Each structure stands twice: as C-alpha cells, then as structure tokens.
Protein chains: 4
Amino acid sequence: MVKKPAPDASRRSERSRRAIYAAALALVVEVGYPKTTVEAIAARAGVGKQTIYRWWPAKADVLLEAFLDLAEQAARELGQEPYAIPDTGDLAADLRAVLRATVDELLDPRFEAPSRALAAEGVVNEQLGREFVAKLLEPQLQLYVDRLRSAQDAGHVRADVDPRIALELFVSPLAQRWLQHTGPISHAYTDTLVDYALNGLAPR
Amino acid sequence: MVKKPAPDASRRSERSRRAIYAAALALVVEVGYPKTTVEAIAARAGVGKQTIYRWWPAKADVLLEAFLDLAEQAARELGQEPYAIPDTGDLAADLRAVLRATVDELLDPRFEAPSRALAAEGVVNEQLGREFVAKLLEPQLQLYVDRLRSAQDAGHVRADVDPRIALELFVSPLAQRWLQHTGPISHAYTDTLVDYALNGLAPR
Amino acid sequence: MVKKPAPDASRRSERSRRAIYAAALALVVEVGYPKTTVEAIAARAGVGKQTIYRWWPAKADVLLEAFLDLAEQAARELGQEPYAIPDTGDLAADLRAVLRATVDELLDPRFEAPSRALAAEGVVNEQLGREFVAKLLEPQLQLYVDRLRSAQDAGHVRADVDPRIALELFVSPLAQRWLQHTGPISHAYTDTLVDYALNGLAPR
Amino acid sequence: MVKKPAPDASRRSERSRRAIYAAALALVVEVGYPKTTVEAIAARAGVGKQTIYRWWPAKADVLLEAFLDLAEQAARELGQEPYAIPDTGDLAADLRAVLRATVDELLDPRFEAPSRALAAEGVVNEQLGREFVAKLLEPQLQLYVDRLRSAQDAGHVRADVDPRIALELFVSPLAQRWLQHTGPISHAYTDTLVDYALNGLAPR
DNA sequence: AATTAACCGAGACGGTACGTCCGGTCTTTAG
DNA sequence: CTAAAGACCGGACGTACCGTCTCGGTTAATT
C-alpha cells in the first residue's frame with residue numbers, strides 16, 4: 001500500500017478551492033454530470049489539474065464538497081434559524097409548510113442538477129452515498145424526528161410510533177418521485193401525503 | 001439529421017444477443033456499472049463492438065434490456081401467476097407478504113448490482129429513467145393500485161384515497177432506504193411501514 | 001512480463017503512417033526535437049494519439065522511421081545509382097567529391113534538424129543509436145570501404161591498411177565538427193582532410 | 001525584458017552547491033540523463049527546487065557545471081602537470097600515450113554517463129554545446145595543437161599543415177566511435193589511428 | 001543586541017505532456 | 001448482408017515534472 005504524503009492543508013489556496021466549487025457546480029448545471037470532466041473543471045477554474053487531484057480523490061467528491069458548500073451558503077443566506085421545522089402546534093400545517101418548501105427547492109434549477117448528480121452517484125458509489133446521506137440528508141431528516149417527537153409529547157401522535165420511520169411516510173414518496181421520475185411533484189401532492197400519512201400516526 | 005438505415009432485425013443473431021445480455025450483467029455484478037465498458041462487454045460476449053452499437057444506442061440501454069430479460073426470465077422461473085398481489089381479503093397481510101418478497105429480492109446480489117446501476121443511471125439520464133420506470137417499476141406499482149382498489153371496494157380503505165399516491169406510503173420508504181442507504185431494510189421494517197400507513201388509509 | 005497482442009500490420013492505415021512521418025519531420029524542423037511532442041504530432045497529422053503508440057514505442061522511433069523514409073525518398077529522387085562513390089581512378093578527387101556532397105547535405109536545413117535530433121538521441125539512447133547507425137550511417141560508410149578497397153587493388157593505398165578504420169580519417173572529423181560544433185564545415189575543409197589523410201595511406 | 005535581480009553569490013550555500021553536483025551526477029549515472037529531473041536532484045540533494053533555479057537556468061547547465069567540477073577534481077587528484085601532452089621528441093609515442101589515456105577515461109563508467117549526456121544535449125542545444133566545447137573540449141584539443149606545432153618546429157611534421165585540423169585525424173575517429181557507437185574503442189585502435197594519420201603529416 | 005534582508009528547505013500552484021483507456025465510427029474478411 | 005475483429009479519431013483519465021510562487025526558519029551583515 002502506497003500512501004501519498006498528505007499535502008499541507010494549511011497552505012491550501014482558498015481562492016482555488018472556491019473557484020473549483022464554482023466551476024464544478026456551473027458545469028454540472030450546464031452540461032450535466034457525466035460530461036463534467038475534471039479537465040474542464042480545472043480549465044474553468046483557472047487551476048491546474050493536479051490541484052484538484054491533490055485535494056480530492058475523484059470528481060464525485062469535488063461535487064459533494066461543492067454542493068455542501070452551496071447548501072451551507074444558501075442556508076446562511078436564507079434564514080437565521082435555518083435548522084428547524086416550525087412548531088406552531090399544528091403538526092399537519094407545519095409538515096405541509098416544510099414539504100412545500102422542499103418541493104420548491106427540488107424544482108429550483110440551481111439545486112436540481114448537482115443534487116440529482118450526487119444522488120445518482122451515491123446510488124452506485126456506496127462510500128459517496130453514505131457521505132451524502134450523513135452530511136446532507138440525515139441532518140434534514142433529523143428535523144422531522146424532532147418535530148414528530150414534539151408532537152408525540154403533545155399527544156398528537158401515537159406514543160409507540162418510531163419517528164425515524166414515520167417521517168419516511170412524508171419524505172420518501174416525494175424523494176422517489178423526484179429521483180426516479182415516477183410522478184410529478186407539487187404542493188398539492190405533498191399536502192395529500194401529509195393528509196394520508198398523518199391519519200395513520202394519530203392516536204385512535 | 002442523419003438517420004441510420006435501420007438494420008434488418010429479422011437476421012439478427014439470437015446467440016449474440018443472449019451472450020451480450022449475459023456479459024453485461026456479469027460485468028456489472030463483478031466490476032460495477034461505471035467500470036463496465038462496451039468494449040469489455042463485446043470482448044466477453046465474443047462479439048464485435050459494432051454488433052452492440054448496431055442494436056443499442058448506449059451502454060445503459062444494453063443493460064436495461066439485459067435486466068428486463070433477466071426479470072422476465074426470473075418471473076417465468078418462479079412460475080405462479082406472477083403479475084398480481086395476493087388478495088386474501090386481509091389487506092395488511094397481503095401487503096406485508098408482497099413487501100417481504102420485495103425485500104428479499106432487493107437483497108439478492110444477482111439483482112442488486114444491475115438494478116442499482118440502472119436506477120442510478122435513470123436518476124441522471126431522464127430518458128432512460130422514464131423507460132426504466134415505464135417498463136419495470138410502473139407495472140409493479142400498478143399491482144398495488146389494483147389491490148388497493150379492491151380493498152376500497154371491500155370498504156377497508158377510504159373511498160376518497162388515490163391508490164396511486166397511497167401505494168407510495170408503503171413502497172417509497174423502502175425504495176429510498178435501498179437506493180440511498182438511508183437505513184437498513186428488513187421484514188420487520190416493511191411490516192412497520194404497513195402498520196403505520198394502513199391506519200391512515202382506513203375509514204374512520 | 002506483459003506483452004501487447006501485436007496489432008495487425010496488414011490493416012494498418014498507410015495514410016496515417018505518411019501523415020505522421022510528415023508531421024514529425026515538420027515539427028522537428030519548426031520547433032526542435034525536445035519541443036516536438038507526441039501530442040502535437042498526432043494533432044498535426046490528424047491522427048489519434050493511440051495510432052502513434054500502437055505502432056511505435058517512443059517519439060524517437062517515430063522520428064527515426066520518418067527520417068529513414070525521408071532519406072530513402074530523397075535518394076530515390078536524386079539518383080538512379082545512388083549507392084556508390086564514383087570511381088574515376090583518382091581516389092583523391094572521388095573522395096573530395098563525395099565529401100563535398102556530404103557537406104552540402106549536412107548544411108541543408110531540411111536534413112539538419114531531424115538528423116541532429118536523431119544523432120543526439122542516439123548518443124544517449126543506445127538502442128536507438130545502434131539502429132540509427134546500422135540503418136543509416138553504416139551503409140554509407142560501407143561505400144567508403146568499397147572505394148578504398150578498389151584503390152588498394154589499384155595500388156593507390158597501402159595493402160595493410162584497414163579500410164574501415166581508414167575511412168574515419170575523412171569522415172569522422174567532419175562528423176565531429178558538425179555534431180559538436182567544434183569548427184566550421186566547408187568544401188575547403190574536407191578537401192584539406194583528404195589531402196592530409198590520403199598521404200598517410202599512400203604506399204611509400 | 002524583465003531581468004531577475006541577480007542573487008547575491010557571496011551568500012550562496014557551498015553545502016547546497018556540492019550536494020547538487022553530487023546528486024546530479026549520481027542520478028545521471030543511475031537513471032540516465034532524460035530521466036534525471038530537477039525535482040529528483042533537489043530531493044536527493046535535500047534542497048529546495050528554487051535553490052537550483054536560482055543559480056542555474058536549466059538542468060543541462062547544472063550538469064555541465066557538475067561535470068566541470070568533477071573533471072577539475074579528477075585532474076587535481078591525478079596530480080602531475082595536467083595540462084600538457086608529453087614531449088619526448090617521439091611524436092608517435094606521445095600521441096599513442098595520450099590517446100590511450102583518453103580511451104581509458106572514456107571507458108570509465110564514472111565519466112561515461114555524464115559526459116555522454118552532456119555531449120548529447122550539446123548536439124541539440126547549440127548554446128550548451130558551445131559552452132561544453134569551449135570549457136572542456138577545446139582546451140584539450142589545444143594541447144594537441146601545441147604538441148603538433150612543437151613537432152613542426154622539430155621538422156617531424158610538414159610545415160604547411162594546420163595543426164587544428166591535423167589533430168582531428170587522431171581525435172575525431174575516436175570521438176565518433178564513442179559518441180555514435182560506430183565501432184569499439186581500444187588501445188590498438190588508437191595506435192592504428194596514429195599510425196595511419198601520422199604518415200600523412202610527415203614530410204616527404 | 002536588535003533589526004533586516006537574503007538565502008534556504010519545503011512544497012503548493014498553474015500548466016504541459018505523458019502514456020493509457022474507452023467511446024463511437026469505419027474497414028476488412030469470413031460466412 | 002450480418003457479424004467478428006480490430007484499427008481508427010478523438011478526447012478524458014490520472015501522473016509526473018516543469019518553472020514560479022509563497023511560506024516560515026535560519027544566517028549574516030547592518031544598525
């Protein structure tokens with residue numbers, strides 16, 4: 001086993017890192033993931049190829065980091081308290097609101113191409129998939145867990161329900177429609193999901 | 001736009017076609033989808049590259065056809081009346097049974113690699129994705145639609161529920177866990193899904 | 001040891017071969033040997049890089065073949081009986097004539113760049129050097145051997161002289177001046193060489 | 001034209017300079033000239049790359065200096081009065097002696113790799129070639145000029161002979177055989193050269 | 001003794017070319 | 001005419017070095 005002598009991260013060029021993120025995201029949007037080449041990212045970023053290979057093992061990892069950065073940045077721009085589902089006491093309304101926001105994001109072309117690309121790569125490349133889930137998806141799902149627990153405390157959801165599974169009744173159908181084109185996604189659709197699923201969770 | 005003068009399908013070599021299916025599936029299992037090259041498929045199948053390009057536009061289409069063939073063959077082997085969900089009158093039991101069977105199939109390594117590969121390609125390649133869904137996924141989902149409608153007729157499911165959406169409460173969570181590695185899949189898990197979701201669909 | 005499965009020479013593209021020769025020679029003349037890259041040769045010849053690597057192991061070998069081809073072609077153009085030193089009976093005159101012709105060739109820019117490049121590579125790359133000598137240099141030196149032997153038969157050169165060594169008295173000084181820039185080369189210079197050296201070979 | 005502000009030679013690290021010479025020579029011997037990289041020289045010498053680029057414009061110049069240093073050092077070790085051909089009154093014997101010594105040096109592996117490398121580079125890189133000739137070759141050739149003039153004074157060589165050309169009858173054949181592998185070199189060979197050539201220069 | 005200026009080892013950087021691999025096309029030979 | 005074989009053009013891959021640059025850290029010479 002030959003290990004590279006890990007480069008000195010403290011001397012890393014911030015400028016290059018940002019340029020690479022931007023180039024990678026732009027190219028994925030413009031020409032799609034498979035036609036996005038490391039060479040093109042380097043050229044567009046005005047960077048040597050080695051600078052990419054020095055810091056990332058593969059194209060997918062570049063894109064993952066770039067996307068995480070984008071998501072973080074977007075979150076920072078958007079809201080002060082970005083990491084929570086509203087808790088107005090009305091669980092159905094809160095879920096409808098957050099799912100509608102998710103629909104909007106999934107339809108935003110700025111996000112669609114790169115996140116679709118990452119999801120695809122994650123399906124086939126398990127290591128990347130797990131990182132994608134751990135860093136991006138799971139934290140968001142955790143918000144649902146929190147909100148559902150709060151609803152359980154308020155007696156709006158059966159106490160024996162596992163929130164980590166319950167949330168999938170809302171989230172997974174949307175995810176599948178989006179990922180696999182198994183159907184259109186819209187506010188009406190997510191509203192319906194909330195309607196159907198919440199009944200199953202409510203106390204008898 | 002230059003169209004190729006479609007080759008004469010009647011003179012196509014059945015032997016080559018089967019060899020190509022076998023080689024494609026074997027390679028996807030052995031080295032994964034991205035490292036499965038048309039060249040390797042041709043070599044392994046003992047076939048000229050042109051024979052592949054003559055009949056399929058791209059690697060993904062070869063694999064799709066190969067997989068459809070595999071699925072059909074497997075169904076035929078299994079024998080029974082393949083295209084239906086049992087209808088014992090007990091909707092919950094029937095759904096649990098069919099979902100458990102799905103779990104088993106998803107965990108079968110013979111199917112896992114190629115179907116994962118196709119799903120991934122379908123995420124990013126919309127045209128292929130739609131074909132994958134239309135030819136493989138949707139027919140199976142339709143079985144759920146049928147079974148749910150039957151349950152509606154028997155009064156076990158609210159009449160105003162759209163079965164095409166309702167089925168996603170059972171199917172999509174499983175699909176997402178499998179596709180995105182967001183959690184383990186098991187019989188217990190799908191049983192729980194049926195439990196949670198069915199409550200929401202039952203008449204009050 | 002992994003051997004490539006030798007490509008089928010009978011299917012080789014003559015067109016590509018000639019284009020590669022032309023491109024290689026042109027580039028060596030234009031930008032010099034070290035800046036002549038395989039990539040540039042391929043681009044200029046309108047050829048894939050692999051087509052070069054398929055048939056030649058290295059840049060130097062391409063150039064060697066290209067130059068041999070050029071030399072052969074030039075020889076064919078020039079004379080009907082190209083492979084002989086004139087034998088008028090006057091050894092000194094004959095040697096002067098052939099050396100003057102050599103000087104002219106060495107000063108011809110069409111030949112200078114590539115042959116200098118090959119000579120240089122041959123100095124450092126023994127395998128190539130030997131091939132260069134065997135295919136190009138030695139055949140020419142052999143002509144001197146023949147002419148000197150004829151002179152020995154005529155009694156104009158000492159019988160105990162080894163022609164293969166004797167020829168170096170005329171040829172090597174010129175070669176060294178040209179190769180190593182140790183002095184200017186001209187007709188007067190080679191005439192002087194013939195004058196000095198021939199005395200040493202003449203019978204007492 | 002932008003000129004670098006010439007570095008302060010008085011503060012130059014002697015230690016680095018010697019380490020670079022040693023590393024350069026060692027690498028040329030071990031892996032050959034073309035595979036000797038500036039990076040490897042720096043690494044082997046335990047020196048930053050910039051330290052090399054600060055003091056030398058190119059790899060070839062490093063090697064030239066290193067070799068000049070080696071030659072000087074070797075000469076100093078040998079002791080005697082290095083810069084002269086013996087003058088015993090017997091020109092033939094003196095030339096045989098010095099050429100035999102040259103043969104020995106050319107066959108010494110310590111010298112062969114670097115001097116061959118320099119000669120090769122000099123063939124193709126005129127600027128370096130001229131420096132190589134001026135600093136190393138020409139001084140040695142001048143010794144022959146001196147010895148031949150002395151022989152002319154003694155009446156052993158025709159007065160109208162140009163010694164600068166005459167010396168090439170002895171030296172160039174040896175040089176060509178060595179440089180271009182056109183034949184083996186040995187004491188017997190150089191003795192023969194002296195025999196053939198000297199006759200041509202002797203007064204009638 | 002403190003300051004300053006340069007060299008120094010180290011190595012990241014933007015680049016270029018390497019030699020390999022494969023996509024998709026075209027050509028040849030056999031059946 | 002199909003099919004196998006495989007050469008072809010094109011172009012991305014990941015690697016190796018190029019020559020430049022920036023970063024602390026010595027080390028001398030100047031204050």
Side-chain angles (χ1 to χ4, degrees), chain A residues 4-5 7-13 15-16 19 34-43 45-55 57-59, chain B residues 4-5 7-13 15-16 35-40 42-43 45-55 57-59, chain C residues 4-5 7-13 15-16 19 34-43 45-55 57-59, chain D residues 4-5 7-13 15-16 19 35-43 45-55 57-59:
Chain A
K4 305 277 172 54
D8 181 347
S10 72
R11 300 190 44 188
R12 184 165 180 186
S13 161
R15 168 186 237 292
S16 295
K35 290 187 152 177
T36 296
T37 66
V38 174
E39 221 145 63
I41 295 173
V47 139
K49 269 202 291 180
Q50 198 54 50
T51 299
I52 295 183
Y53 286 111
R54 196 174 358 253
W55 301 109
K59 180 174 70 167
Chain B
K4 304 282 173 51
D8 180 348
S10 71
R11 302 196 43 184
R12 183 169 180 185
S13 161
R15 163 187 242 294
S16 294
K35 291 186 149 178
T36 296
T37 67
V38 174
E39 221 145 67
V47 139
K49 274 202 290 181
Q50 196 52 45
T51 301
I52 294 182
Y53 284 111
R54 205 182 337 265
W55 301 108
K59 178 173 71 166
Chain C
K4 303 280 171 52
D8 180 348
S10 72
R11 300 191 42 189
R12 183 166 181 185
S13 162
R15 169 186 234 292
S16 295
K35 290 188 152 177
T36 296
T37 67
V38 173
E39 222 144 59
I41 295 173
V47 141
K49 272 203 287 180
Q50 199 54 51
T51 300
I52 295 183
Y53 286 112
R54 202 182 342 264
W55 301 109
K59 180 173 70 166
Chain D
K4 306 281 173 52
D8 179 349
S10 72
R11 300 193 45 185
R12 183 168 181 185
S13 161
R15 164 187 240 294
S16 295
K35 291 187 149 178
T36 296
T37 67
V38 174
E39 221 144 66
I41 295 173
V47 139
K49 274 202 289 179
Q50 196 53 46
T51 301
I52 294 183
Y53 285 112
R54 200 179 347 257
W55 301 110
K59 178 173 72 167

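Small disclaimer: the values here were computed from a predicted structure and weren't measured. Here is the naming used below: chain letters follow the sequence lines, and residue numbers restart at 1 for every chain.
Taking 4.0 angstrom as the limit, B:Ser13 places none of its side-chain polar atoms (N or O) nearer than this to OP1 or OP2 of F:dT2.
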Polar atoms only, N or O, under 3.5 Å: list the protein pairs with nucleotides 15-18 of chain E and their distances.
from, atom 1, to, atom 2, distance (Å)
E:dC18, OP1, C:Val38, N, 2.8
E:dC18, OP2, C:Val38, N, 3.2
E:dC18, OP2, C:Glu39, N, 2.8

Nucleotide N/O of nucleotides 25-31 of chain F paired with protein N/O under 3.5 Å:
from, atom 1, to, atom 2, distance (Å)
F:dT27, O2, D:Arg11, NH2, 3.3

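Here A:Lys49 pairs with A:Glu39 under the side chain to side chain donor-acceptor pair (under 3.5 Å) rule; sequence neighbours left out. Partners of A:Ser13 under the side chain to side chain donor-acceptor pair (under 3.5 Å) rule, at least two apart in sequence or in another chain, are A:Ser16. Contacts of A:Ala40 classified as side chain to side chain contact (heavy atoms under 4.5 Å, CB included), with partners at least two apart in sequence or in another chain: A:Leu27, A:Thr37. Here A:Arg12 pairs with A:Arg17, A:Trp55, A:Trp56 under the side chain to side chain contact (heavy atoms under 4.5 Å, CB included) rule; sequence neighbours left out.
The nearest whole Å value for the distance from the CZ atom in C:Arg15 to the P atom in E:dT28 is 13 Å. Per the geometry, CD1 belonging to B:Ile52 stands 15 Å off P belonging to F:dG6, to the nearest Å. To the nearest angstrom, C1' of F:dG14 lies 18 Å from CH2 of A:Trp55.
Looking at which nucleotide of DNA chain F each of A:Ala58 and C:Arg54 is closest to, the 5′-most match is held by C:Arg54. Of the two residues near DNA chain F, C:Ala43 and B:Ser16, the one whose nearest nucleotide lies more 5' is B:Ser16.
Note: D:Lys59 NZ to D:Ile41 CD1 = 7.5 Å, rounded to the nearest 0.5 Å.
The listed nucleotides are F:dC8, E:dC8, E:dC13; the one nearest the side chain of C:Arg12 is F:dC8.
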